[in-house]
Every structure is written in C-alpha cells, then in structure tokens.
*Asks:* 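What follows is a single structure, and I will ask about it in a moment.
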Amino acid sequence: MRMLFSIGAVLVAGVLAGGDVAGIAAPGPKFEPSKSPPQRLAADRDAQTVDVELVLAVDVSYSMDMDELAIQREGYAQAIQSKEFLQALKLGPNGRIAVTYFEWAASSDQKIIIPWRLVDGPETADAVAAEILKTPIRRASRTSISGAITFAMPLFDEDPYRGLRRVIDISGDGPNNNGGPVTAARDAALEKGIVINGLPIMVKEPSYSTMDIDNLDYYYEDCVIGGPGSFVITIKDRDKFKEAIRTKLLMEVAGRMPERPVRRVADKEPRVSCLIGEKIWSDRWGR
C-alpha cells in the first residue's frame with residue numbers, strides 16, 4: 001500500500017519490532033587455525049547488520065533555486081543530528097543504519113556526496129552532517145528521476161552493511177523529463193525488494209521556465225514511490241522544508257507506517273500521467 005500525507009501529519013512513535021538477525025556460523029573444520037571461531041563469525045555478521053540501508057537521492061536541477069538547495073542541504077544535515085532522529089535510531093533492533101547521499105539531475109548526472117556511512121550515534125551523525133554541509137552546492141540541467149533510481153540500485157551491492165530494509169529516498173521539484181520512463185526504473189527497484197519514498201517539493205508556483213506541475217505530489221505517489229509502506233511527504237511551505245526532511249527520515253529509520261494516511265478518493269483513477277514531464281519537454285523544445 002502506498003501512503004501520501006502532508007508534513008506535520010505524523011512524527012515517529014513506538015519501537016521497531018525485531019531482534020537479532022545474525023546467523024549462527026557453522027564451525028570450521030578441525031586443525032584449520034585460519035578459520036575464525038563460530039562466535040567471531042557471528043559477531044562479525046552482527047556488526048555488519050543495520051536496521052536500514054538508506055539512499056538519499058537529492059535533486060539539484062536548475063528548477064531548484066540556490067536558496068532551496070541550501071535549505072535542502074541544511075535540512076538533511078540538521079535532521080541527521082536531531083535529537084528525534086537519534087532517539088528513533090536507538091529504538092531499532094540494531095540501533096544503527098547505513099546511509100549514502102547523492103545529488104542528481106540529468107540521466108547521466110549523479111554525484112555521490114556521502115559514500116556509505118554507518119550512523120549509530122551522535123558522533124557518526126555529526127560526521128555525516130558535517131560532510132554534507134562542507135560540499136559546495138551545485139546545479140545542473142534536466143530532471144531524471146529514472147536516472148536517479150537506476151543509479152541508486154547498484155549502490156546497495158556496494159554497501160558493506162546489510163540492512164533489514166533497503167530504501168531509496170527521492171526528493172525533487174519536478175517530474176521526470178529525461179532518460180527512461182520513471183515507472184520502468186521504479187518497477188525494477190521494486191523487483192529487487194527496494195522501497196522508494198518521495199519528497200516532492202512544491203514551494204513555488206508552476207512556471208513555464210521550471211517545468212513544474214500542479215500535482216507533483218500525485219505524480220510522486222502514482223509514478224515514483226513503491227514497495228511495502230512507501231510514502232510521500234509533500235513540502236508546500238518553504239518554512240516547513242527542514243521539518244519535512246526530519247519527519248521523513250524519522251519514518252524511514254523507524255520503518256513505521258502513518259496511522260492516518262491521506263487516501264486517494266478514487267484509487268483506480270489515474271490522476272497524473274507518468275509521462276507528463278517528457279510531454280512538456282517535447283511540446284516546448286520538440287525533442
């Protein structure tokens with residue numbers, strides 16, 4: 001079931017159900033001193049287990065103004081350092097997550113800002129936040145959500161940690177207008193057991209120059225997100241930017257579903273074409 005709700009509708013409460021997922025290692029053959037003892041193998045596996053592997057995929061297309069990009073960066077940094085986030089972190093069965101952060105624009109334009117990092121408390125959270133803030137802000141052309149999802153999927157194979165859940169978190173202020181169809185990329189991720197959540201940014205009135213659309217939140221729900229418990233948090237107020245990011249991260253760390261999601265009035269009726277971005281681009285520039 002997919003969830004769509006507004007900022008402030010929910011903050012994480014409660015404890016993740018779960019326990020130790022480390023396997024019991026079989027003892028190695030006798031007289032092989034190079035083999036680690038079973039207890040060591042089990043401990044190593046346990047040390048590599050996290051509650052969630054979280055990919056933060058952040059839009060830096062030209063439709064985002066410099067102020068929005070700065071607030072977005074600060075929002076992620078402050079959210080990871082927040083008392084609420086750290087409390088939610090400790091409520092998980094392992095009390096730690098693995099996170100990577102990259103920025104995206106066109107289908108061939110993705111830049112990793114934070115490689116995979118373990119976050120297990122204030123010190124590691126502060127280190128990730130500092131790394132996010134120190135990287136120069138950039139902007140680039142086009143908007144390829146499909147490219148971001150496609151880029152994100154193999155990152156999980158590179159992660160040295162293994163999560164109970166795998167999540168791609170997509171934030172952006174416009175529909176896909178470059179690269180392959182967004183639904184094809186989404187479906188490929190879902191087949192791998194990856195959950196996709198969305199943060200549609202709707203703080204500006206749609207304009208010809210930015211290719212914004214009126215119902216970006218509907219577009220994200222219908223075309224971008226997917227997987228068990230997937231959700232969308234919409235930002236319609238610039239002053240709520242940081243609060244929205246914090247709420248989203250709390251939800252993802254806790255692995256919780258909203259108690260009162262805003263449900264679609266007519267669930268089977270399409271609301272926004274998943275090719276609307278490509279159509280707008282073609283109508284304006286003929287390609």
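Quick caveat: nothing in here was measured; it's all calculated off a predicted structure. Count residues from 1 along the sequence.
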*Asks:* Can any side-chain N or O of S282 pair as donor or acceptor with the backbone N or O of K279 at less than 3.5 Å?
*Replies:*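 Flag not set: sc S282 to bb K279 has no pair under 3.5 Å.
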*Asks:* Are R139 and E68 within salt-bridge range, i.e. N to O under 4.0 Å?
*Replies:*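 Between E68 and R139 there is no salt bridge, as every charged N stays at least 4.0 Å from the carboxylate O atoms.
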*Asks:* Kindly say whether N176 contributes a backbone atom to a donor-acceptor pair with the side chain of Y219 at under 3.5 angstrom?
*Replies:*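 Judged by distance alone, yes, a pair lies under 3.5 Å.
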*Asks:* Is there a donor-acceptor contact under 3.5 Å from the side chain of R142 to the main chain of S108?
*Replies:* no
*Asks:* Can you name the closest pair of heavy atoms from M202 and D217 and give their distance?
*Replies:*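 Closest pair (atom of M202, atom of D217, distance): SD-N, 3.6 Å.
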*Asks:* The criterion is salt bridge (charged side-chain N to carboxylate O under 4.0 Å, His left out); which residues satisfy it with D159, sequence neighbours excluded?
*Replies:*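 Not a single residue meets the salt bridge (charged side-chain N to carboxylate O under 4.0 Å, His left out) criterion with D159.
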*Asks:* Donor-acceptor pairs under 3.5 angstrom involving side-chain atoms of residues 85-93: please list them, not counting sequence neighbours.
*Replies:*
{"from": "K90", "atom 1": "NZ", "to": "D120", "atom 2": "O", "distance (Å)": "2.8"}

*Asks:* Could you check whether any side-chain N or O of T150 sits under 3.5 Å from a backbone N or O of S146, counting only pairs where one atom can act as donor and the other as acceptor?
*Replies:* yes
*Asks:* For the residue pair V253 and R165, what are the closest heavy atoms and their distance?
*Replies:*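 What the structure gives for the nearest pair is O-NH2, 3.1 Å.
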*Asks:* Mind listing the closest non-hydrogen atom pair of C274 and V182 along with its distance?
*Replies:* O-CG1, 4.0 Å
*Asks:* Atom OG1 of T100 and atom CH2 of W116: how far apart are they, to the nearest 0.5 Å?
*Replies:* 6.0 Å
*Asks:* Please tell me if the side chains of W104 and T143 come closer than 4.5 Å, counting only heavy atoms from C-beta onward.
*Replies:*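 Yes, side chains in contact.
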*Asks:* Between D169 and K248, is the closest basic N to carboxylate O distance under 4.0 Å?
*Replies:*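 A salt bridge links K248 with D169.
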*Asks:* Give the minimum heavy-atom separation between E131 and P115, together with the two atoms involved.
*Replies:*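 Closest heavy-atom pair between E131 and P115: OE2-CD, 4.2 Å.
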*Asks:* Taking atom CZ of R73 and atom CD1 of I132, what is their separation to the nearest 0.5 Å?
*Replies:* 8.0 Å
*Asks:* Grab the two heavy atoms, one from D239 and one from D237, that are nearest each other, plus how far apart they are.
*Replies:* N-OD1, 2.9 Å
*Asks:* Using a 3.5 Å distance criterion without hydrogens, assess whether the side chain of S107 forms a donor-acceptor pair with backbone atoms of N178.
*Replies:*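 It does not hold such a pair.
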*Asks:* Is there a side-chain contact between V128 and Y101 in this structure, where contact means two heavy atoms from C-beta onward sitting under 4.5 Å apart?
*Replies:* no
*Asks:* Taking 4.0 angstrom as the limit, do K111 and E103 come out as a salt bridge?
*Replies:*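 Salt bridge absent between K111 and E103.
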*Asks:* Specify the closest pair of heavy atoms between L199 and A244, including all atoms of both residues, with the distance to one decimal.
*Replies:* CD1-CB, 4.2 Å
*Asks:* Please check if any side-chain donor atom of N94 sits under 3.5 Å from a side-chain acceptor atom of T49, or the reverse.
*Replies:*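 Looking only at side-chain atoms, T49 and N94 do not form any donor-acceptor pair under 3.5 Å.
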*Asks:* When rounded to the nearest 0.5 angstrom, what is the spacing between CD1 in I233 and OG in S171?
*Replies:* 12.0 Å
